[in-house]
Amino acid sequence: MSLSVYNSLHRRKELFEPLEPNRVGMYVCGVTVYDYCHVGHARVMVVFDVIHRWLTELGFDVNYVRNFTDVDDKIIKRASERGIDIHQLTNEMIAAFQEDIGSLGCLPPSHEPRATAHMPDMVKMIGELVARKHAYVSSSGDVLYAVRSFDHYGQLSGKNIDDLESGSRVDVDDSKRDPLDFVLWKMAKPGEPAWDSPWGQGRPGWHIECSAMSCSHLGNTFDIHGGGMDLKFPHHENEIAQACASNDGSFARYWLHNGFVNINAEKMSKSLGNFFTIREVTKNYHPEVLRMFILGTHYRSPLDFSDSALDAAKAGLDRLYETLRRFKGETLDGRCEMSESLIPPAFTNAMNDDFNTTEALASLFDTNRALNKALNERADVSDLAAQFKAMLNLLAIGQHDAEAWFKGGDVDVARIEALIAERGESKKARDFARADAIRDALIAEGIVLEDSPSGTTWKKV
RNA sequence: GGCAGGGUGGCUCAGUGGUACGGCGGAGGACUGCAAAUCCUUUAUUCGCGAGUUCGAUUCUCGCCCCUGCCUCCA
């Protein structure tokens, strides 16, 4: 069974065939680093992390590039509000980003280029666009892209220039030949950070950096370009226009877009102000719960964020950890590593069908049940356990120590263990009143006891 | 207005031309001194509404209703 992916460019699922048989070049639009990441950002990172992992599992050598936009109007504004240099701000936010995304279990991409480190690439591409008459210097001195010069403008978003203009909310700007023309190089005002260019001191427009950085790392033509649905227009449309017009080649071949995170059926976004940062959420929930929550919905569907949804994700994850916990002392050595032969076909088929993590999870839970059953029956579980671990590793959940998962936090372990021992004695003496009193007291403080033939264990709820 | 994507049980979320996956929650049972955990059984005669195609549609076609998103920065 081979991999098929939904290509936004053609609005249909297509068989995935990379340019080179064993290699995949993938570019994902990262974040503008002026503030902490919210759950919407978390979704992109987790979604493409899973895609990255699955492509790797399929045997592809994946060159995964994800950028940082570290210069733009919002960054300049925020830095000036805080009275710091933009680099101080962006370094701080990049560090926070790495921490947040790392906590979600995302593997680092192959490259994480920063826009400010690619000025020559951008200047070169803009120069090419000017030379080919796809760009012009406006009366304000900014370099603009002439959308009418690119025949295929609108191919990704399925729009045509005239439709866009009829319903456009864009302010008409006299310096533009067409209202949809967008800036490639923005002239610096006094005091603003600036870089040299043939058109004067300034900074790049937002869209050019991704065209330049993706081409510079992956070549003019590469396999996958991804990002949030909201980037489809105008950002990705403009990227295509820039890249294709400057190198007369094609650009990314498969465009993958993930759906939004919603709150109360409304998109979570900075502009609406209805967002939760990753760090806010992980104050109350383990980051892996957030990952589980994201994996529970197919990446192209909207994802409704709420405490009850996180609670449900946590309950499901707890169930997996309960099983993991039963392996205490059992070795699975040499069988934990990913191996296609270990993965149930249902899981593989689900992942090969446009990365359907929801269905893959269903397969995982089936294995979970089979495993618990086998454990109950004291049967040999080595194969099931290896399958279970392989699937967990591919989704990057269940990655923590099961005991720590249930017992973590600020609890007095010694005291609890002492009480459990005391209850054990009471049970032996058939003083159930005393035993139950101890258990009830612990429940009152959020500690649940679980008896088993091999002894009593506990967990925090 | 243009374009795109949706409406599946109490909640959530997959999916298929032959009456529907998984998770959460609920109910019953096994296990247990009782629980918890686990396992078993069960929880939509039904997939927004209407019509059409078909032996048969939730799945295909058409119409309608409703929701969301993009068209400005946005993951």
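Note on naming: letters A, B, ... go to the chains in the order of the sequence lines (proteins, then strands), and numbering restarts at 1 for each one. As the structure is a prediction and not an experimental result, all values here were calculated from the model. Below, each value reflects all heavy atoms present in this structure, side chains not excepted, and no hydrogens, waters or symmetry copies.
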Pair A/K77 + A/E81: basic N to acidic O under 4.0 Å |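 The answer is yes: the pair qualifies as a salt bridge.
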Would you mind checking if A/D142 and A/K186 are paired as a salt bridge, meaning a charged N to carboxylate O distance below 4.0 Å?
->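 So A/K186 does not pair with A/D142 through a salt bridge.
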Ignoring the backbone of A/K373, work out which of B/C39, B/U38, B/G33 is nearest its side chain.
->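 Output: B/C39.
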Return the nearest nucleotide to the side chain of A/V448; candidates are B/A36, B/U72, B/C39.
-> B/A36
Any side-chain heavy-atom pair from A/H152 and A/C244 closer than 4.5 angstrom?
->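 The answer is no, as the side chains (C-beta and beyond) never meet within the 4.5 Å cut-off.
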Under a 4.5 Å cut-off applied to non-hydrogen side-chain atoms, are A/V71 and A/E209 in contact?
->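 No, too far: nothing below the 4.5 Å cut-off.
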Does a distance-only test, which skips hydrogens and angles, find a donor-acceptor pair under 3.5 Å between the side chain of A/R369 and the base of B/C39?
->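 Answer is no: no donor-acceptor pair is held.
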Output all residues satisfying side-chain hydrogen bond (donor to acceptor under 3.5 Å, both in side chains) with A/Y6, sequence neighbours left out; order by chain, then residue number.
-> none
For RNA chain B, the residues among [range] that have a non-hydrogen atom under 4.0 Å from it:
| range | value |
| --- | --- |
| residues 96-115 of chain A | none |
| residues 288-301 of chain A | A/G296, A/T297, A/H298, A/S301 |
| residues 32-46 of chain A | A/H38, A/G40, A/H41, A/V44 |

Under 4.0 Å, heavy atoms only, any strand: does [X] hit a base, just the sugar-phosphate, or nothing?
| X | answer |
| --- | --- |
| A/D436 | base |
| A/M229 | nothing |
| A/L449 | base |
| A/R423 | base |
| A/F260 | base |
| A/F432 | base |
| A/E266 | sugar-phosphate |
| A/G30 | sugar-phosphate |

Does A/D440 CG have over 12 foreign heavy atoms under 6.0 Å away?
-> yes
Closest non-hydrogen contact found for A/D70 with A/A115 is OD1-N, 3.3 Å
Nearest heavy-atom neighbours spanning A/K270 and A/Y36 = NZ-O, 3.5 Å
In 5'-to-3' order, the base (B), backbone-only (S) or no-contact (-) status of each nucleotide in nucleotides 25-32 of chain B, using a 4.0 angstrom heavy-atom cut-off, is --------
Determine which bases of RNA chain B form Watson-Crick or G-U wobble pairs with both distances under 3.5 Å, and write the result as a 5' to 3' dot-bracket string with | for other-strand partners.
-> (((((((..(((.........)))((((((.......))))))....(((((.......))))))))))))....
Presence of A/K267 side-chain N/O under 4.0 Å of B/C70 phosphate oxygens OP1/OP2 =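 True: A/K267 side-chain N/O within range (under 4.0 Å) of B/C70 OP1/OP2.
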Show the numbers, then the answer: is there a salt bridge (charged side-chain N to carboxylate O under 4.0 Å, His left out) between A/D73 and A/R203?
-> CA-CA 10 Å; A/D73 292 357; A/R203 61 179 182 276; 2.4 Å; yes
To the nearest 0.5 Å, how far apart are CG in A/N63 and CE in A/M26?
->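 Spacing of CG (A/N63) from CE (A/M26) equals 9.5 Å.
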Gap in Å between the two P atoms, one belonging to B/U41 and one to B/G48, rounded = 29 Å
